[in-house]
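A quick note: this is a predicted structure, and the numbers were derived from the prediction, not measured.
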Amino acid sequence: MDDLDCERRRNECLDEMCHLEKQFSELKEKLFKERLSQLKAKLEEVTSGKAMEYISPLADLQKNMKIRIEVAGIYKGFCLDVIKNRYDCEMQGAKQHLESEKILLFDNMQCELLERIQRLEEDRQSIDISSEWWDEELRSKRSRRKWDPFRSEKKRRVPLVSGPYIVYMLRDLDILEDWTAIKKAKAAVSPQKRKSDSVKAEKQHFSARCEDGCLYYEGESFTKGEAIILDMKDEPPSQAVITAVSTGEVWLRRGDSSKTKIYVSQLQKGKYSVRRAGK
């Protein structure tokens with residue numbers, strides 16, 4: 001091939017290439033328009049709610065929404081029931097507390113009033129005699145004033161006596177009042193005396209200590225394994241065996257195999273006492 005043929009062939013190829021490029025551009029534009037029209041149509045279907053790709057997920061979402069609404073309603077009912085039960089419990093507790101407080105207040109006031117009534121009864125029993133004497137004395141004074149208006153204002157002379165005699169210048173009413181005061185003071189002092197006696201008894205101390213594995217109580221020594229008698233204030237005495245002696249405490253095993261720990265301070269205060277078996 002010569003140069004002319006090559007040039008001609010080159011021009012033909014260029015023309016064919018331009019033609020193919022033009023066709024490709026046209027096809028590309030046509031495809032773009034078709035795709036755009038399809039998307040617009042799909043958008044219209046979605047907007048109108050007719051697209052299957054939109055209807056199926058929407059149905060699932062609506063189904064889930066209904067389930068969640070139903071669950072929320074059930075949960076709401078349970079919550080309301082719980083709140084109602086709590087309210088009922090609070091009301092019942094408040095009513096019971098009110099009733100108990102009313103009963104307690106009533107009992108306290110009743111006890112206080114009964115105590116006051118008892119005190120008044122005691123005072124009346126101790127003052128009745130003096131009041132009767134007082135009334136008689138007032139009546140006698142009134143009668144003397146009524147029947148002896150011109151009585152002398154001079155003081156009555158003290159009768160003269162000889163010998164070792166005792167003359168009481170007090171009236172019967174004064175003697176009776178003194179006797180009532182002495183009786184009240186004696187009644188008030190006796191409970192305090194009993195209380196002081198009990199306090200003294202409680203404060204009584206006993207000799208007790210633990211040294212070198214031995215218990216020394218009231219001049220006697222007790223060692224581990226020794227049988228003793230354990231005396232208590234409010235319980236009958238019981239037999240026991242010393243199992244251990246340490247600083248400040250003693251371990252015992254009773255007859256029923258139960259273990260008991262007593263402190264030296266309890267022995268010193270007299271709450272417990274120990275003695276040898278057979279004594």
**Request:** Evaluate the side-chain proximity of Leu230 to Arg254: yes if any heavy-atom separation is below 4.5 Å, no if none is.
**Result:** yes

**Asked** Below 4.5 Å, heavy atoms only, C-beta onward: do Phe206 and Leu267 meet side chain to side chain?
**Response** no

**Fill in**
When every non-hydrogen atom of Ile229 is compared with those of Gln239, the smallest separation belongs to CD1-CG, 3.4 Å

**Prompt:** Any donor-acceptor pair under 3.5 Å linking the side chain of Ser48 with the backbone of Glu44?
**Reply:** yes

**Prompt:** For atom CE of Met109, is the number of surrounding heavy atoms from other residues, nucleotides or ligands below 6.0 Å larger than 12?
**Reply:** no

**Message:** Under a 3.5 Å distance rule, please check whether Asp212 uses its side chain to pair with a backbone N or O of Cys214 as donor and acceptor.
**Reply:** no

**Pairwise distance CZ(Arg275) to CD(Glu218) - rounded to 0.5 angstrom** = 13.5 Å

**Prompt:** Ion pair present between Lys95 and Glu99, side-chain N to carboxylate O less than 4.0 angstrom?
**Reply:** no

**Set of side-chain contact (heavy atoms from CB on, under 4.5 Å) partners for Lys261, sequence neighbours left out** = Glu249, Trp251, Tyr263

**Item:** Same cluster (ILVMFWY, side-chain, under 4.5 Å), Leu43 and Leu58
**Value:** no

**Asked** Which residues satisfy the side-chain hydrogen bond (donor to acceptor under 3.5 Å, both in side chains) test with Ser56, sequence neighbours excluded?
**Response** none

**Asked** Tyr216: what forms a side-chain hydrogen bond (donor to acceptor under 3.5 Å, both in side chains) with it, not counting sequence neighbours?
**Response** none

**Prompt:** Distance from Lys40 atom NZ to Thr47 atom OG1, nearest 0.5 Å?
**Reply:** 13.0 Å

**Request:** Using a cut-off of 6.0 Å, state whether more than 12 heavy atoms not belonging to Glu90 lie near its atom CD.
**Result:** no

Validation: residues 111-119 side-chain donor-acceptor distances under 3.5 Å, sequence neighbours left out:
from: Glu112; atom 1: OE2; to: Arg116; atom 2: NH2; distance (Å): 2.9
from: Glu115; atom 1: OE2; to: Arg119; atom 2: NH2; distance (Å): 2.8

**Prompt:** Out of curiosity, Cys210 SG to Tyr217 OH, how far, rounded to the nearest 0.5 Å?
**Reply:** 12.5 Å

**Prompt:** If you take all heavy atoms of Arg253 and Thr243, which pair is closest and at what distance?
**Reply:** NH1-CG2, 3.4 Å

**Item:** All pairs passing side chain to side chain donor-acceptor pair (under 3.5 Å) where residues 16-32 contributes a residue, at least two apart
**Value:** His19-Gln23

**Prompt:** Of the non-hydrogen atoms in Asp231 and Pro237, which two are nearest, and what is the gap between them?
**Reply:** OD1-CB, 2.9 Å

**Message:** If I take atom CZ from residue Arg10 and atom CG from residue Asp15, how far apart are they, to the nearest 0.5 angstrom?
**Reply:** 10.5 Å

**Request:** Any chance you could measure Leu31, atom CG, to Phe24, atom CZ, to the nearest 0.5 Å?
**Result:** 9.5 Å

**Request:** Determine which pairs satisfy side chain to side chain donor-acceptor pair (under 3.5 Å) with at least one residue from residues 62-80, sequence neighbours left out, and list them in order.
**Result:** none

**Message:** Is the shortest side-chain heavy-atom distance between Ile228 and Leu252 below 4.5 Å?
**Reply:** yes

**Message:** Could you measure the distance from the OG atom of Ser246 to the NZ atom of Lys224? Nearest 0.5 Å is fine.
**Reply:** 11.0 Å

**Item:** Shared hydrophobic cluster for Ile262 and Val264 (ILVMFWY, side-chain gaps under 4.5 Å)
**Value:** no

